[in-house]
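Notes follow once the structure below has been shown.
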Amino acid sequence: MYTQRVDRATPSCLIFLVDQSASMYDPMAGTDTPKSVVVAEQLNSTVMELIQRCSKSHTEPPRPYFAVSVVGYRTNEHAQAVVESCIDVPGQQGDLAWTTDLAQHPLRIEERNRQTSDGPLSYRMPIWVEPLNEGGTPMCAAMDRAGRIAHSWIQTYPQSFPPIVINLTDGESTDGDAAVWAERLKQLGSEDGPLLLFNIMLATGNVLSPAMFPNDPNQVSDRFARQLFTMSSELPEFMRTAAVRQGYQAEPGARGMSMNADFRAVVSFLNVGTSVGHLLR
Amino acid sequence: MTNQPTGAAAHQQAAAPASDLAAKVVLSVIIAVVIAVVAAISVDNIVVVLLAVAAGVIGFWAIDGIVAPSRVGDAGPMISGPAGTQPPPSPTAPPTAPSATLDPAIFDPESIEIASNPLGKSRVFAIRVAKHGNAISECEDAVALDPRRGVLAVADGASSSFGAGEWADTLAKQFVHSPPKPLSVGSFATWLGSARSALPAPVNEASDGPNGWWSEQGARQGAFSTVIGAAIMTDGEARVATVMCLGDSCAFVLTGAPGERTVRRSLPYEDATQFGSHPSLLGSMVAQGHDEPTWTTIPTGPGDLLVLASDAVSEWLLADPKRFGVLDGHEPAAIANRLVAERSDGRIVNDDMTLAVLELAS
């Protein structure tokens with residue numbers, strides 16, 4: 001299980017579910033920046049990193065090793081669920097866009113600078129996902145959508161690494177019991193193993209240290225956190241190793257969940273949850 | 001699409017050995033006559049004349065069968081081309097070897113490249129097969145050979161790096177063109193510097209376009225590759241294989257009669273369980289520093305096989321030593337068929353597969 005390599009014949013599917021409710025405008029723990037902005041920024045970085053893994057030379061565009069979906073969920077002024085793709089590129093198939101198409105069609109490319117040990121470095125940062133925050137948290141509808149995407153994917157690529165679904169939220173579902181939908185989602189799977197569902201609960205303001213990759217529900221504090229634990233898949237061994245390399249005490253049986261996540265936790269969580277790169281040969 | 005030679009190509013393959021023979025006979029006669037005339041003019045002794053004629057003819061025929069020991073010289077060309085167009089089989093190939101072509105049922109003809117040595121009697125060939133689903137132009141393994149000098153190299157570019165195929169190709173060619181010296185301090189660093197300089201400029205016009213951002217960022221990270229190279233050298237009366245090794249591509253020396261060969265030496269690994277996911281790699285950027293390679297000298301005997309292989313093929317061979325038999329007496333296409341079949345059956349991981357084989361002259 002969870003050993004399939006990622007290549008053209010057996011590409012990998014990554015689905016990000018993004019809470020776009022009004023509370024996502026509150027500042028991210030440890031920053032002055034709205035959670036929605038931090039999440040959009042980190043998703044753009046993640047997509048960029050995935051594309052980089054598919055870039056082989058300057059004589060060809062990045063290869064279609066990953067199909068990526070970013071699905072936002074919120075409610076409108078009539079309290080109706082709005083679940084829609086946050087990315088829109090030519091060649092997109094439903095909610096899924098290939099790394100090849102994503103690379104060539106960002107919304108825009110921003111010129112940026114960062115400090116390195118060799119001095120300031122200017123680089124170009126492509127943008128696909130914009131922040132949005134409005135209404136409630138229809139998480140059940142979002143998981144339903146993820147299930148449809150994943151089901152269709154598995155029909156086409158039964159031998160591939162199973163789809164990975166990463167849900168980024170800052171609150172409880174407002175349209176029902178998300179645990180029920182999570183269970184349905186996790187019953188999907190490819191020949192290489194069951195679908196992986198990871199959940200990250202973003203924190204607002206100053207919080208205690210986040211709970212990352214716990215392997216025991218008693219390690220988390222409240223009812224909601226325990227529900228999130230149940231909803232989240234166990235990390236495959238190579239992801240658990242990746243978590244340990246990031247400096248977390250991910251014990252055997254660690255779940256792909258984070259409670260009270262601050263900025264650093266979001267970055268690490270996305271790195272671990274998308275670390276299918278070592279299967280890329 | 002099949003790879004059967006058609007019409008003129010098939011005719012050419014059948015006719016080639018005969019025309020070789022005719023050319024040799026004509027050349028031998030010319031050499032003998034010239035030597036005889038010169039000897040007759042200068043020496044009035046019929047025994048000397050006859051000896052000179054015999055020496056000329058024997059010398060000409062013997063020259064062709066020797067793989068020259070390593071020396072500075074021009075790189076001998078390897079004829080390479082798409083499957084099915086390889087040159088005629090070597091006259092020393094066992095007569096029982098089946099006439100193999102690539103099996104179209106299992107092969108994507110765009111995924112393979114076979115190179116054979118059209119010169120001389122020594123069997124020298126290289127096979128490169130791209131991973132399933134890729135074209136040969138996307139293969140990140142590289143191979144280079146100079147059959148005349150007995151120098152060959154295989155490099156395996158790391159897929160997760162940018163420009164890995166080009167970097168592997170540069171390393172393999174650089175080794176064959178001018179290998180570093182085994183016992184010379186700093187020789188490897190100088191050699192690596194030359195390889196890094198020889199790599200085409202990483203950023204080209206594509207990255208200046210609005211959509212070339214990935215190229216720009218990839219080029220900053222550089223490429224990584226393993227490399228293994230070997231040269232046949234003389235050590236007194238004996239010939240030895242001097243092998244430079246960095247990473248998990250392997251070298252093997254097989255000894256014994258065809259059909260009964262055993263592995264005389266296998267390095268850097270001797271067992272399939274030794275392969276891991278983090279082999280030593282050479283980076284294409286100066287700032288990346290480098291590991292030092294290991295150097296090993298392996299005695300060789302007439303008829304031995306010197307084999308270099310990238311990791312997937314090496315692991316498969318080492319997992320069951322009987323598999324080395326596939327290298328014995330079979331045509332390159334037959335070996336390629338077997339490798340792809342083994343990969344399709346899951347016994348070789350879906351990776352690029354590269355093999356270079358040099359048979360030392362008997």
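Here is the naming used below: chain letters follow the sequence lines, and residue numbers restart at 1 for every chain. Small disclaimer: the values here were computed from a predicted structure and weren't measured.
The pair A/Arg8-B/Glu138 counts as a salt bridge, with a side-chain nitrogen and a carboxylate oxygen less than 4.0 angstrom apart. Taking the charged nitrogens against the carboxylate oxygens, B/Glu216 and A/Arg124 do have a contact shorter than 4.0 Å, which makes a salt bridge.
In terms of heavy atoms, B/Trp214 sits closest to A/Pro61 at CZ2-CA, 4.0 Å.
With a 6.0 Å radius and a threshold of 12 heavy atoms from other residues, nucleotides or ligands, B/Arg220 has its CZ atom above the threshold. Residue A/Lys186 qualifies as enclosed at atom NZ: its count of foreign heavy atoms under 6.0 Å is above 12. Within 6.0 Å of CD in A/Glu49 there are more than 12 heavy atoms belonging to other residues, nucleotides or ligands.
Residues that satisfy the ring-ring contact (aromatic ring centres under 6.0 Å, His included) test with B/Trp316, not counting sequence neighbours, are absent from this structure.
For B/Ser137, no part sits under 4.5 Å from any heavy atom of chain A, backbone or side chain.
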For side-chain contact (heavy atoms from CB on, under 4.5 Å), just list the numbers for B/His132 and A/Asp7, CA-CA rounded to whole Å, side-chain angles, deciding distance to a tenth of an Å, and then say yes or no.
CA-CA 9 Å; B/His132 176 63; A/Asp7 55 34; 5.9 Å; no
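B/Trp213 places a side-chain heavy atom less than 4.5 Å from the side chain of A/Met48. B/Ser159 places a side-chain heavy atom less than 4.5 Å from the side chain of A/Lys56.
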